[in-house]
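As a basis for the values below, the full set of heavy atoms in this structure was taken, side chains included, without hydrogen atoms, waters or symmetry mates.
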2 protein chains.
Amino acid sequence: MLADLGQRIEPLGLTLTEMSVLQLVAANPQIRQSEIGQVLAIKRANMAPLIAALEARGWIHREAIDGRSQGLRLTPSGETLLVDLKVCITENERWILRDAPKQDPSQLIKTLKAIWTAKA
Amino acid sequence: MLADLGQRIEPLGLTLTEMSVLQLVAANPQIRQSEIGQVLAIKRANMAPLIAALEARGWIHREAIDGRSQGLRLTPSGETLLVDLKVCITENERWILRDAPKQDPSQLIKTLKAIWTAKA
DNA sequence: TATTGTTATACTCTATAACTATA
DNA sequence: TATAGTTATAGAGTATAACAATA
């Protein structure tokens, strides 16, 4: 499933990890790098170049929270990208469900979300 | 889900990739490295050290098919390992289903298998 | 000429440790 | 003293290319 999604977002110029970061920033404006790292299980040391790359491409920008923390937000360009991203995700879900037993196509997503929520 | 399974099989001394290879060898005695690589999307060049490591630990052995091909089989030690492996997999499935909606715990596995079969 | 397996090696991803600056 | 972020770097995992031996 993730391999398919990875291929779909490749033309947008980002990886699955970067996609997750952007979604997290979109859903949590002013989030800090360290918080993203905790949620996505990415080490602080690896967040630095990751965020720098997203900033260099103009998708996010930083605002100082205090002297040592910086809050992240999507730029307008980042918001636009997120729309395209959601199209890819929707197509990916359709592709997944295409071969699921007919009875209730959305049951799978509901079940997976329930499991994910319980574990996280 | 895979992260949990990875932790469960770690005490057995193998990785998820090695687990997949062993299962494939168990289900297809006399299989060739190149065939495993095709199924699991592992490059030939990376199969060499992978198989060598499994052989060094006494879990598989090679039999010449012809001058350039070698068929793989589990050793008795490998068969024993596979039993322990299946216990881990069963525990992993139980762990996954524990937080699935009650209605039909096995529906998820059936659905995922149907999807997997259709894609592969 | 195509295939099986191997080696060498580069690239990416992730992990650890040490550092600066700030709370 | 603890935390946010950075840098340097080592270790996996995975990629390409070139090779030998055989079909």
Side-chain angles (χ1 to χ4, degrees), chain A residues 2-7 9-25 28-57 59-74, chain B residues 1-25 28-57 59-74:
Chain A
L2 286 174
D4 175 77
L5 182 56
Q7 288 178 351
I9 67 173
E10 196 182 4
L12 299 179
L14 38 73
T15 66
L16 288 167
T17 299
E18 291 171 333
M19 177 198 77
S20 302
V21 170
L22 287 175
Q23 285 186 305
L24 214 47
V25 173
N28 304 279
Q30 209 69 350
I31 194 172
R32 278 169 293 129
Q33 286 185 206
S34 54
E35 292 175 312
I36 295 175
Q38 285 167 18
V39 174
L40 298 181
I42 302 172
K43 294 276 179 295
R44 280 198 317 282
N46 297 327
M47 285 301 304
L50 212 173
I51 295 297
L54 293 177
E55 193 182 25
R57 277 173 288 175
W59 291 327
I60 63 173
H61 67 102
R62 317 183 192 212
E63 297 172 17
I65 294 178
D66 58 34
R68 68 183 178 187
S69 298
Q70 300 157 40
L72 303 179
R73 276 183 196 281
L74 291 189
Chain B
M1 293 179 186
L2 286 174
D4 175 77
L5 182 55
Q7 288 178 349
R8 287 179 196 275
I9 68 173
E10 198 183 2
L12 299 179
L14 38 73
T15 66
L16 288 167
T17 299
E18 291 171 333
M19 176 198 77
S20 302
V21 170
L22 288 175
Q23 285 185 306
L24 213 47
V25 172
N28 304 277
Q30 208 68 353
I31 194 172
R32 277 169 295 129
Q33 284 184 206
S34 54
E35 292 175 313
I36 295 174
Q38 284 166 20
V39 174
L40 299 181
I42 302 172
K43 294 275 178 296
R44 282 199 316 284
N46 298 325
M47 284 301 304
L50 212 172
I51 295 298
L54 293 176
E55 193 182 24
R57 278 173 287 175
W59 290 327
I60 63 174
H61 68 101
R62 315 184 193 211
E63 297 173 17
I65 293 178
D66 57 33
R68 68 182 178 190
S69 299
Q70 300 160 38
L72 303 179
R73 275 181 196 284
L74 290 189

Review point. Rounding to a whole Å, what distance do you find between Glu10(B):CD and dA12(D):P?
Key: 13 Å
Practice item. Please report, rounded to the nearest Å, how far the P atom of dA15(D) is from the CE atom of Met47(B). Key: 13 Å
Point to revise | d(CD1, Ile65(A); P, dA23(C)) in whole Å | key: 12 Å
Review point. dT4(C) base to Arg68(B) side chain: any donor-acceptor pair below 3.5 Å?
Key: no
Exercise for review: Give the minimum heavy-atom separation between His61(A) and Glu63(A), together with the two atoms involved.
Suggested key: CE1-OE2, 3.2 Å
Point to revise | Distance, rounded to the nearest Å, where Leu50(A) contributes CG and dT12(C) contributes P | key: 14 Å
Exercise for review: Map Ile42(B) and Arg44(A) onto DNA chain D by nearest heavy atom, then report which one ends up closer to the 5' terminus.
Suggested key: Arg44(A)
Check your understanding: Between Arg57(A) and Gly13(A), is there a donor-acceptor pair closer than 3.5 Å when you use the side chain of the first and the backbone of the second?
Key -> yes
Practice item. Give the nucleotide from the list dT7(D), dT6(D), dA15(D) with an atom nearest to the side chain of Ala45(A). Key: dT7(D)
Review point. Does some side-chain heavy atom of Glu35(B) sit less than 4.5 Å from a side-chain heavy atom of Asn28(B)?
Key: no
Check your understanding: For DNA chain C, whose closest nucleotide is more 5', that of Asn46(B) or that of Glu35(B)?
Key -> Glu35(B)
Review point. Hey, is the side chain of Ser69(A) poking within less than 4.0 Å of OP1 or OP2 on dT3(D), counting only N and O atoms?
Key: no
Study note, to complete from the structure: Separation of dT6(D) atom P from Ile36(A) atom CD1, nearest Å, is 12 Å
Practice item. Using atom CG of Leu2(A) as one end and atom C1' of dC13(C) as the other, report the distance to the nearest whole Å. Key: 16 Å
Point to revise | Rounded distance (Å) that lies between atom C1' of dT7(D) and atom CD1 of Ile51(A) | key: 16 Å
Exercise for review: Heavy atoms only: give me the nearest Leu16(B)-Ile9(B) pair and the separation to one decimal.
Suggested key: N-CD1, 3.7 Å
Practice item. Find the distance Gln70(A):CD to dT20(C):P and express it as a whole number of Å. Key: 18 Å
